[in-house]
2 protein chains.
Amino acid sequence: MLRNIKLTIAYEGSSFHGWQIQPNAATVQEILKTSIETITGGEKINLVGAGRTDAGVHALGQVANFKTGKPLTETKWKNALNAMLPPQIVIQRVEFVPDSFHSRYSAKDKTYSYHIGFERSPFLVKREWRLGYPLKLAAMKRALLFLKGKHDFSSFASSASESESKICHIKKCEIKQSGSSLVITLSADRFLTYMVRNIVGTLVKVGAGKIKPKEILTILEMKDRSKAGPTAPPDGLYLVKVNYL
Amino acid sequence: MLRNIKLTIAYEGSSFHGWQIQPNAATVQEILKTSIETITGGEKINLVGAGRTDAGVHALGQVANFKTGKPLTETKWKNALNAMLPPQIVIQRVEFVPDSFHSRYSAKDKTYSYHIGFERSPFLVKREWRLGYPLKLAAMKRALLFLKGKHDFSSFASSASESESKICHIKKCEIKQSGSSLVITLSADRFLTYMVRNIVGTLVKVGAGKIKPKEILTILEMKDRSKAGPTAPPDGLYLVKVNYL
């Protein structure tokens, strides 16, 4: 009998070339799959992630699942994996889930946060986007409101984005001051490639006074990537949570 | 005319072999000295640190000073150095100080903190001592009180410690819960080699129930390193602040 196992995973992304397995690069999915297969003792598994994260992007609560015949308890899986994984990847939770659970298809929405810092800190290297100029928070808040709801996000999608429909539903969005940093949080049913980073790059232009908040509406309507701001660096991006029904 | 310049420095210690210059190893003092001499354009400087930090130890507010004839403003020094240094070393403040200021001899006291964590986090790798078992905070607090004041700390000094007198005055000490971590903070007029790490190693034994709080008093009185607990790893140690008169 195969068990379906759900993993909740945190990782510091700066050492990895993102989540997704690719040739000749250390990725979280590959390192994790190899560790699981060491435990299953040769039984090949199919490790499905809730979504890709780009190179350098961090995760506080990535989710993945796999099926295996190996009869270990949830706690034993967790301890064995954490003992084997590099310390930059941590299994936070292991849960046995119904056979129908699929980490990507079953996901209801995802939450990302993006951290922007204004002061040099040796402890936040590759963990935030450090800017050398201040941003107007009020303008950014106004701009963000135009993105809330269901829209065609073509203007904020990578030109290489594979999905046909560019319609996403942003259910929650906020910007908060956290110490000397700004944290932008977005929850949506789906995100297009580079979407959060493109939104952040555009919001920073708003905060710097280069784009007016209500121009966001025009940018959305034009469905043209070249109208929005640049792609923010991966360093400040965190996959916070994947929610399931 | 030579100017005496005081630097306040933060660094993430895991990439460096400590503060002090040594052959064939990247140290903070050496990297900083080289950067300063690139700016002075060949004028050799003597960079004096408030104290050494061991390999892997972090600093939130290390202090150093040097004298130079280079006529730059405080802000220009700060910007030039930060532009040149690796991002794991940050100059927080540059101040012109009286000629008599000496970062080590003028120091009145120093504050260190030590972070102990109980949950795996990919973001705290090499930044705390992660323990796999819980500690009794109340017992540790009682033990810590016996260390407060002026004592001979031979039992907590490295056997290789160079200073003749082992008498130190611990002026402030506390243990606080911070999230899921414990933070131990100590302020003293001076610290012996490995003293904080040896105190922490001993306090952890108290927290684990292996040493009774009041045994700390006996350990102090015996002036024998072998009676105290092991040396805690450098990862959790932070030089927080150097205070001057």
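Given the structure is predicted, the values throughout are model-derived calculations rather than measurements.
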For this session: Tell me, yes or no, whether the heavy-atom count around K241(A) atom NZ, taken from other residues, nucleotides or ligands under 6.0 Å, exceeds 12.
Result: no
Seminar exercise, completed: Against chain B, residues from residues 13-31 of chain A with at least one heavy atom under 4.5 Å, in numeric order, are none
Problem set entry | Within 6.0 Å of OH in Y194(A), more than 12 heavy atoms from elsewhere | no
For this session: Inspect the surroundings of NZ in K67(B) and state if more than 12 heavy atoms from other residues, nucleotides or ligands are less than 6.0 Å away.
Result: yes
Exercise. Mind checking what makes ring-ring contact (aromatic ring centres under 6.0 Å, His included) contact with Y133(B), not counting sequence neighbours?
Worked result: none
Exercise. Among N82(B), L60(B), I89(B), who wins on heavy-atom pairs under 4.5 Å with chain A?
Worked result: N82(B)
Exercise. Can you name the residues of residues 34-47 of chain B that have some heavy atom under 4.5 Å away from a heavy atom in chain A?
Worked result: none
For this session: With chain A as the partner chain, list the residues of residues 106-127 of chain B whose heavy atoms fall under 4.5 Å from it, by residue number, and write 'none' if nothing qualifies.
Result: R120(B), S121(B), P122(B), F123(B), V125(B), R127(B)
